[in-house]
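Heads up: the structure comes next, in structure tokens.
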Amino acid sequence: MTNGSVSNEPHPWVWLVWLALFVGLPAAVAGWEPRAPREGTAARFAHAASSRAIRPSTPPPTVEPVAVYALPADRARALNATIPFSRLSNPAARPFRFEGSATDLARAVDCLAAAQIYEAGDDAVGQRAVAQVVLNRVRHPAFPKTVCGVVFQGQERATGCQFTFSCDGALARTPSPAVWDRARAIARGALAGDVFAPVGYATHYHTDWVVPYWSGSLDKLARVGTHLFFRWRGWWGTAPAFRAYGTSGGEPLIERIARLSPAHGIAGLPLPSAITPMADSADAIAAQARQAIGLDQIGKSVGGVRLIALADIRSFLVELPRGSRPDSWPESARTFCAGRSQCRIMGWTAHDAPKELPLTLANLAAMRFSYIHDTQNGLQRALWNCDKIPRTDKGDCMRRRVPVAMPVPPAPTGLAGVRRMDRFETVKIAPMPETSTSDAGQP
């Protein structure tokens, strides 16, 4: 017999509720918590990407002369540290493939090498980063469309050029041949498609001990050594903006690096597309046994002319024999340029010969004769100073130079994007001893 009381056993559906509370809900929360931040981050990046994907109707940003705030180095570093690195993606730039003639390529290589050396010193990693920024600028519509145009943009200013070395007097210092050759190898690689990925599409950089006026308004992308790299914000800093590239008109000739670069012509004339007819071609001269010409021969007669100085292992300054025929001067190439794929000779009379290096504009204006060859580019040229040595063919004439007084640049208080290279060579020309008439090359 039952006593009529209600059973204490819970209904089955109650167990289901408790199971949901103690098992299902924690599992749902555990699954939701890691997803929420990821979805939020993805949404933020998607929104940023969508806002950057629309090309603005306004023109590209204006490129102003470089200016920096005058601050002590420690204060500048502290301010730079407060600028955060961008959280947006930093894709590597697309490979750059140079388009242009062999002469254009030779000029581009040497302009790029000059930027690398004078901006980053003899540092392969720093040079690759500088080269990438230069090539990014070549592709961007806000900058010139040639490598040399980008590197030497604003060189006519005493201060405020885009790459400070081009207007602050740094080019008076000469890198050693080994440093120059290493920089040119890096430049050739960059122009053939080598990419330095860490700096992405950066168009600006500076050293951490200066603060340029633009440093807080651009996306900070990367640090390479003491350099900080930036790109423009918005669409102008994205990959689609870096497509305008062309060498319309070819790479400009930069006379300021002519003493480093045969491609930029010591006489300041456009390089010829064909070899100038001479007794021997550049290839034939380069194939001959190399003459050993060193510092111990300065002041002595070599191949019928007096050696004044060696600007580097391929460049010879000479005093031309008194009374010699101007048409005989190219024959000096057989002596000085034998066994050298790149060679240049610069000749003066005894009265006008330079006393030291680097050469001044007045020295160049007084030069009577120059010879240059570069077998890699099929270049060979002999030129005369037609103000002093009249020539029937005006194509044989150097460009006329008029010496002018140049203002002395003020000592910089801070240089944006410059880390100086200290290993440079300045050549002093030794006094020339007295020699006999035959030793001076008199007929």
### Query
Is a side-chain N or O of R94 found less than 3.5 angstrom from the main chain of F242, in a donor-acceptor match?
yes
### Query
Is there a donor-acceptor pair closer than 3.5 Å between any side-chain N or O of D219 and the backbone N or O of R231?
no
### Query
Should the pair F152 and F165 be assigned to parallel (<30°), tilted (30 to 60°) or perpendicular (>60°) ring geometry?
perpendicular
### Gap between atom SG of C148 and atom CZ of R256 - 0.5 Å precision
13.0 Å
### Heavy-atom side-chain proximity of I298 to L310 below 4.5 angstrom
yes
### Message
Could you check whether any side-chain N or O of W329 sits under 3.5 Å from a backbone N or O of A382, counting only pairs where one atom can act as donor and the other as acceptor?
### Response
no
### Task
Indicate yes or no for a side-chain donor-acceptor contact from E319 to the backbone of R306 under 3.5 Å, with no hydrogens or angles considered.
no
### Non-hydrogen side-chain atoms of L307 and F316 separated by less than 4.5 Å
yes
### Task
Of all the heavy-atom pairs spanning P144 and V150, show the shortest one and how long it is.
O-CG2, 3.4 Å
### Task
Report yes if the side chains of L317 and P354 come closer than 4.5 Å at any heavy-atom pair, otherwise no.
yes
#### Entry: Lys/Arg-Asp/Glu bridge criterion (N-O < 4.0 Å) met for K145, D104
no
### Task
Could you grab the distance from atom CZ of F369 to atom OG of S328, nearest 0.5 Å is fine?
9.0 Å
### Message
Using only atom types and a distance under 3.5 Å, with no angle test, would you say the side chain of S261 pairs donor to acceptor with the backbone of A263?
### Response
yes
#### Entry: Parallel, tilted or perpendicular: ring planes of H204 versus W232, cut at 30 and 60 degrees
perpendicular
### Query
Taking E251 for the side chain and V147 for the main chain, is one N or O donor matched with an acceptor at less than 3.5 Å?
yes
### Message
Restricting to non-hydrogen atoms, name the atom on A289 and the atom on A338 that form the minimum distance, rounded to 0.1 Å.
### Response
O-CB, 3.3 Å
### Query
From D194 CG over to R188 CZ, what is the distance, rounded to the nearest 0.5 angstrom?
11.5 Å
#### Entry: CA sep, side-chain torsions, deciding dist, call: D374, R107, salt bridge (Lys or Arg N to Asp or Glu O under 4.0 Å)
CA-CA 12 Å; D374 186 341; R107 289 179 180 172; over 6 Å; no
#### Entry: Expected output: side-chain N136 to main-chain T203 donor-acceptor under 3.5 Å
no
### Query
Looking only at atom types and distance, does a side-chain atom of Q153 sit under 3.5 Å from a main-chain N or O of Q162, one as donor and one as acceptor?
no
### Task
Output the distance between atom OH (Y205) and atom CG (L218), rounded to the nearest 0.5 Å.
14.5 Å
### Message
For D208, is there any backbone N or O sitting under 3.5 Å from a side-chain donor or acceptor partner on N80?
### Response
yes
### Query
Can you check whether A353's main-chain N or O pairs, donor with acceptor, with K355's side chain at less than 3.5 Å?
yes
### Distance (rounded to the nearest 0.5 Å) between R184 CZ and I117 CD1
10.0 Å
### Task
Evaluate the side-chain proximity of V125 to V224: yes if any heavy-atom separation is below 4.5 Å, no if none is.
yes
### Task
Check the angle between the aromatic planes of H140 and F143 and answer parallel, tilted or perpendicular using the 30° and 60° thresholds.
perpendicular
### Message
Can you confirm whether I293 sits close enough to K300 that some side-chain heavy atom of one is under 4.5 Å from a side-chain heavy atom of the other?
### Response
no
### Query
Are Q127 and R182 linked by a side-chain donor-acceptor pair shorter than 3.5 Å?
no
### Message
With side chain to side chain contact (heavy atoms under 4.5 Å, CB included) as the test, pick out the partner of E119 among V130, T207, V151.
### Response
V130
### Message
Nearest 0.5 angstrom please: W384 CH2 to M367 CE, how far?
### Response
12.5 Å
### Query
Does a side-chain heavy-atom distance below 4.5 Å link Y118 with T164?
no
